[in-house]
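Please read all numbers here as calculations on a predicted model, not as lab measurements. Just so we're on the same page: letters track the sequence lines, and every chain starts at 1.
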Protein chains: 2
Amino acid sequence: MRADARRNLEQLLAAARDLVAEKGAGVALDEVAHRAGVGIATLYRRFPDRSALLRGVVLDALEQTRLAAEQAAEEHDDAFEALAAYLRAALELRVSAVIPQVLDALDLDEPELATACEASARATERLVDAAHEADSLPADVTFADVGMMLVRIARPLPGPMPEELKHELARRHLELFIRGLGGEHRSLDGPELSRADLADLAHPGNTLSG
Amino acid sequence: MRADARRNLEQLLAAARDLVAEKGAGVALDEVAHRAGVGIATLYRRFPDRSALLRGVVLDALEQTRLAAEQAAEEHDDAFEALAAYLRAALELRVSAVIPQVLDALDLDEPELATACEASARATERLVDAAHEADSLPADVTFADVGMMLVRIARPLPGPMPEELKHELARRHLELFIRGLGGEHRSLDGPELSRADLADLAHPGNTLSG
DNA sequence: GTGAAACGGAGGACAACGCTCCGTTTCAAG
DNA sequence: CTTGAAACGGAGCGTTGTCCTCCGTTTCAC
């Protein structure tokens, strides 16, 4: 593969990741190509259609996330600190901003994607479980709660703010959330969803009840 | 005004509020009419164009929010409880899901809208200030932090979940956030934006520096 | 009972986007 | 340096989806 071709491929993936996070899976492909600094034809040469591009972005993001989770577990003895470190890393990777945007534009059941999802989710779940066992994360805060709050915080706020400020605020609000997780706790109402419950929502045909 | 006409008008506003919250300001007007159970012509008879419809939705939401803030202040002696009650009410009103979606499709400087914004924000700010003074809200958590977290929590999560479950989860995550606000606190980094800072972001030409 | 007001939905005009084609440029091996 | 294969950019056509109007039909209220 020629050097310029590889560079363009990477720039396309980065541009697609950012734009999908900001504008959703339906973003104009011309815009992706332009942000990547290449012509539209180059995009179509690498990714035959929109779905292939989204697949590429998601696979990339999931793999990086899995690595971040494993690295966080390694580098921190304290289970809560490990979880916090992972959340900070995941925010920077934008994975939680990208995945939800493509949920209904991409078939996550397809083997390669499903495997990546599973591996990434499992690594995250280990961090949550460890924090539960160490009693440093309230028992009523589930995997789904943590994951969804990360999605809420990672999604760019709408409005005419500079992108950099948006990102700084996301970091700040993640810290606010992490701080809240550590404090004292009263009881929490509402659906306590486990990872299995989340999987069941995606595949209502499975053995678990709805 | 004929009785059916009034009913249709209310249904149009409700449908537009929900759909704008879910899909953004660019939602297809045919879809709004359909969800409201009326023909597209009826929508155009009430609102000559998209902008008029958005204005109607926003004015309605802001007014209800202001009332909710004032009512929360009245009904609760404890400042923190008043703030929490307001946040719960605002979530139900969907105001924080609607406003950000229309930020760049509507001119908020226009007198009638600006007045409503100002009144609503001022009522909310009073709740935040009171909680600060009562030392029940950490000093480094600003008006902007609370408002933006409410936006993050109120925005519907993407994905193929039933709407009702999404709403239940939003309530649950708001409780998680409120719980976190009350706990012990370490220091919080990042931009500490006041209401004035927020206003300056919207109107960079004002006296405040950027 | 009656007419004015409100209604629904088909359809033409228009804008935006997807994707292809082809002449031009860039790389790297001999 | 030469050369050809590979990669590139962007104009442009076809399609899709949305806006908004027009007009025959229905509903309300006096």
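- Screening residues 119-128 of chain A for side-chain hydrogen bond (donor to acceptor under 3.5 Å, both in side chains), with sequence neighbours left out, gives A:Tyr86-A:Thr124, A:Glu118-A:Arg122, A:Glu125-A:Arg195.
- Of the residues in residues 32-49 of chain B, those placing a heavy atom less than 4.0 Å from an atom of DNA chain D are B:Ile40, B:Ala41, B:Tyr44, in numerical order.
- When the salt bridge (Lys or Arg N to Asp or Glu O under 4.0 Å) test is applied to A:Arg17, no partner is found at least two apart in sequence or on another chain.
- For residues 21-42 of chain A, the pairs satisfying salt bridge (Lys or Arg N to Asp or Glu O under 4.0 Å) are A:Glu22-A:Arg35, A:Lys23-A:Glu31, with sequence neighbours left out.
- For B:Asp4, the side-chain hydrogen bond (donor to acceptor under 3.5 Å, both in side chains) partners two or more places apart in sequence, or in a different chain, are B:Arg2.
- With A:Leu59 as the fixed residue, the side-chain contact (heavy atoms from CB on, under 4.5 Å) test singles out one of A:Leu113, A:Leu54, A:Leu13, A:Thr115: A:Leu113.
- Residues B:Met149 and A:Met149 form a side-chain contact, since some pair of their non-hydrogen atoms from C-beta on lies under 4.5 Å apart.
- Taking a 4.0 Å limit (strictly below) on heavy-atom distances, residues 50-57 of chain B does not reach DNA chain C anywhere.
- Listed by residue number, B:Arg2, B:Ala3, B:Asp4 are the residues of residues 2-15 of chain B with a heavy-atom contact under 4.0 Å to DNA chain D.
- A distance-only check finds no donor-acceptor pair linking the side chain of B:Ser96 to the backbone of B:Leu150 [under 3.5 Å].
- Contacts of B:Gln64 classified as side-chain hydrogen bond (donor to acceptor under 3.5 Å, both in side chains), with partners at least two apart in sequence or in another chain: none.
- Qualifying side-chain hydrogen bond (donor to acceptor under 3.5 Å, both in side chains) partners for A:Glu112, counting only residues two or more places apart in sequence or in other chains: A:Arg55.
- Under the 4.5 Å side-chain criterion, counting only non-hydrogen atoms from C-beta, B:His132 is not in contact with B:Pro138.
- The side chain to side chain contact (heavy atoms under 4.5 Å, CB included) test applied to B:Ala130 returns B:Ala79, not counting sequence neighbours.
- Atom CD of B:Glu92 and atom CG of B:Leu87 lie 12.0 Å apart (nearest 0.5 Å).
- Separating the SG atom in A:Cys117 from the CG atom in A:Leu62 is a distance of 5.0 Å, to the nearest 0.5 Å.
- Atom NE2 of B:His167 is separated from atom CZ of B:Arg94 by 5.5 Å, given to the nearest 0.5 angstrom.
- In this structure, CD of A:Glu31 is placed 14 Å from C1' of C:dG18, rounded to the nearest angstrom.
- For the helix from C:dG1-D:dC30 to C:dG30-D:dC1, the terminal axes (five pairs an end, C1' atoms, rotation from four pairs onto the next four) enclose an angle of 30°, given to 10 degrees.
- Sparse packing is recorded around NE2 of A:His34, with 12 or fewer heavy atoms of other residues, nucleotides or ligands lying under 6.0 Å away.
- Near DNA chain C, meaning a heavy atom under 4.0 Å from it, residues 18-27 of chain B has no residue at all.
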